[in-house]
Amino acid sequence: MTGELRVTWALMRRGLNEVLRVPGASIPGVLAPTIFLLGLSAVFGEAAQLPGYGTTNFTQFIVGVSLLQGAGFTGAATGVNLARDIERGWFDRLLLAPTPRMVVLLGIVGSAALRCLLPVAFLLAVAFALGVPWPGLPDLVVSVLLVMGFATAMACWGTVIALRFQTQQAAPLMQAVAFSSVLFTAAYAPLDLLAGWLQVIATINPTTYVIEAIRAGFITEMSLEQLGWAVLADVGMLAFFAVLAIRGMRRIGR
Amino acid sequence: MLRPTLALMRRALRNAFRRPQFLAPLVVFPSLFLAVNTGGLQATTGLPGFPEVNSFLDFQLASAICQSTMLGGVSAGIAMALDIEAGFFDRLVVSPIPRTAVVLGRVGAAGVLGALQAVWFLAIGFIFGAEMAAGVGGVLVVIALGVISALAFGSFGVLIALRAKNASTVQGIFPLVIVGLFLSSAFFPADLLSSPADVIAEYNPISYLAEGLREPIAFGWDAQVIVEGFVAGIALAGIGTSLAISALRGRLRAAR
Amino acid sequence: MPAIETVDLQREYPARRGPGLRAVDGIDLAVAPGEVYGFLGPNGAGKTTTVRMLVTLLQPTGGRATVAGYDVATQPAEVRKRIGVALQAAALDLLMTGREMLLLAATLHGIPPADVADRGADLLERVGLSAAADRRVGTYSGGMQRRLDLAMALIHEPEVLFLDEPTTGLDPTSRLTLWDEVRRLRDEGTTVFLTTQYLEEADQLADRVGIIARGKIVAEGTPATLKAEVGVPHLDVTLAGEDHRDLAREVLARFGDGRPPTEECDLSVALPDGSAGLAPIVRALDEAGVQVASLDVKEPTLDDVFLAKTGEHLEGAD
């Protein structure tokens, strides 16, 4: 087992190289969620004047959405990187090692959980600097863990697509799902204020429950019930995409 | 001058349509964003100070067109950078065609795509219940402004590519150019923007471009708004194209 | 027990409709331990598909294959522990240094990096990368990347080494370095399975050569026996002018069968005894007054073998 842990760590460590050794390349990915947070707040800030938001600070309302967006894009980027590794033959090398394929998968998607911490930390720093109130340590830690779980789920999705199409050109497919799962929710407004069709989608979309829990943490306090639903949704998405990714790994070379 | 420009335009368009996987995101992502914005923020039309509109969708169509043509500009830049990386650019430059055609062909192709992008969003809009306050003439205005905005963003995309020289840098610049859109009245009425975005938006030419696009859809025929849209767009396109051409000349001098 | 054994190995790629494409169409191989086996064929003959099946990256659709005594389809993990592989694309992470890559390769094989630090340094020395070991792979030349790839394939001391077109696209110097390394591995007792589209490479390195065309092995044996099978050396004659062509043909006919003229020569005659048969022919031509521009003794090549078996020339053949 220690050998497998070592392999997982080595692969996660390699995933971090992209961040640590080409700092310039990761800047857009790190900045993007923050830019969206600032941009959306500047543009739609007045929306929080409507009844039902629970705060008049729109930034406070959508900070959770931006955190998940950062995680979603990190997850999609993991898929793009895997597709690139497949194109370049690097992935063959991993498959040729006696390391079990599940360990390889774990290393790949695990790196997304760590990498998403970079945009998340940057975003939180900017948000707090702009006056978003401190949510308290427990709620913050729980929120970050939920976000990491979501990044891993999206990395599993990216993996599924990368294994299926084996080309970086499939990137928009990975991103579109990450994008949609975060935004087709109660992202910009409470459920009650959404258009009817979006209300239906948002109620079905598990990410809504993750957003609502994180949002509650940032505005008031995360209730145990909200936490329960959020964990269920997060774990559910992770399990669903992980099963698809495992199936994808098993089918290689068939 | 015209013939090589048209030839390069045709090539750029043909390549774009041969790779639908690169073309689709130009309309897919703004469409998703349009859906999310209109579905999520429809209640904001009730805010005090929000102008009288038929629906939030009518209001948002212009921002989707702006966003889509902006993405088109980024992808024109990426295509140009890929030409530079692949060495095809050098081949063009050593050929006897006028060098400005290299820029104009690429920008022109973005303009043609701009017309299609405008049509796409008008079609989606009409399917989901948007109205055209200015009638049939308004459709033509929107398409014309779509072309101009695509020319404007395309010229800046090409300019960035000529300076950056590699595709991943051009791609990385995207989150920064979207800032230009956020700091304009493309998404929301200027009066309702938070400070300091409201002040910047007042001087941002993209605001005028977006409002020119929005006017015929959401409000009607206010000649001043529409003319300001054309002027802002043409000015942006002119500046971007001139800068791109001078960047091209500078590049060639530096390479010597 | 052979190091590599296949029985009727097949791989079919499904087609949208109709029968699929048989990339590998029933291959039987038996490679002895310590042997260098050269798998020679043109592009698209099925070499890479065969290798990918042998190294467990691709499932066979028919037949079976064992490597180091384990079945590639049912015991892939056991196979992977015992093989080293350098595939066509030198699959490297450009952001890592050569030494880091080598240690990562060890980790992937379950060896703690600390245990292979010495062996890693030795290998880097052997492939001539000691000085570049701590530079990022992105700064390496194509030849250096291939050499690092080879070192990575060797870090866990594999029983069987697979090299898929190891020198395609390499400069002559890097090619020679790689050849030397393969010879050294053979001397150390490693089984090497090498695919190539270069005649000379198979000729120089392989103890035995299998020639593959359209998914089937068309000839197999040592380079010498294969060449002997297709024939004997020939003397190619290029005349100084057109005038004596008929006369020359008459003279040469006395010495045996010829070959059809090619672009490079006008006439040709078999030399069953090799160069020993040369002198009488030269004398006879001279006596007949035939003006000769050049004489060239052509030994049979593996390309002649390929030509004899398939009716086509190998791509890249000289």
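Throughout, a chain's letter reflects where its sequence line sits, starting with A, and its residues are numbered from 1. Just so we're clear, the structure is a prediction, and the values are computed from it rather than from any experiment.
The two residues B:Gly40 and A:Ala189 come nearest to each other via the heavy atoms O-CB, 3.1 Å. B:Phe33 and A:Leu40 get closest at one heavy-atom pair: CZ-CD2, 4.3 Å. In plain terms, the two heavy atoms of B:Ser194 and A:Gly45 that are nearest each other are OG-CA, 4.0 Å. Counting all heavy atoms, side chain and backbone alike, A:Ile35 lies closest to B:Ile178 at CG2-CG2, 4.1 Å. Counting all heavy atoms, side chain and backbone alike, B:Leu41 lies closest to A:Ala47 at CD2-CB, 3.9 Å.
Summarising the geometry, atom CD belonging to A:Glu46 is positioned 11.5 Å from atom CZ belonging to B:Phe50; distances are rounded to the nearest 0.5 Å. The CG atom of B:Leu32 sits 8.5 Å away from atom CG of A:Leu183, with the distance rounded to the nearest 0.5 Å. One finds the OH atom of A:Tyr188 at 12.0 Å from the OG1 atom of B:Thr44 (value rounded to the nearest 0.5 Å). Taken from CG in A:Leu198 to CD in B:Gln42, the straight-line distance is 8.5 Å, to the nearest 0.5 Å.
In this structure, A:Phe128 places its CZ atom where more than 12 heavy-atom neighbours from other residues, nucleotides or ligands lie under 6.0 Å away. No more than 12 heavy atoms of other residues, nucleotides or ligands shown are found within 6.0 angstrom of CZ on B:Arg163. Atom CZ of A:Phe240 sits in a sparse spot, with 12 or fewer heavy atoms from other residues, nucleotides or ligands closer than 6.0 Å.
Contacts between B:Leu193 and chain A at a heavy-atom distance below 4.5 Å involve backbone atoms as well as side-chain atoms. At a 4.5 Å heavy-atom cutoff, the contact between A:Ala42 and chain B is made by backbone and side-chain atoms alike. Both the backbone and the side chain of A:Phe184 have a heavy atom closer than 4.5 Å to some heavy atom of chain B. Both the backbone and the side chain of A:Gln175 come within contact range of chain B, with heavy atoms under 4.5 Å apart. Neither the backbone nor the side chain of A:Thr185 comes within contact range of chain B, judged by heavy atoms closer than 4.5 Å. Contact annotation for B:Ala35: both backbone and side-chain heavy atoms come within less than 4.5 Å of a heavy atom of chain A.
For the set A:Pro190, A:Ala176, A:Gly52, A:Ser41, the count of heavy-atom pairs under 4.5 angstrom toward chain B peaks at A:Ala176. Note: B:Asn37 leads B:Asp198, B:Asn37, B:Leu181 in heavy-atom pairs under 4.5 Å with chain A.
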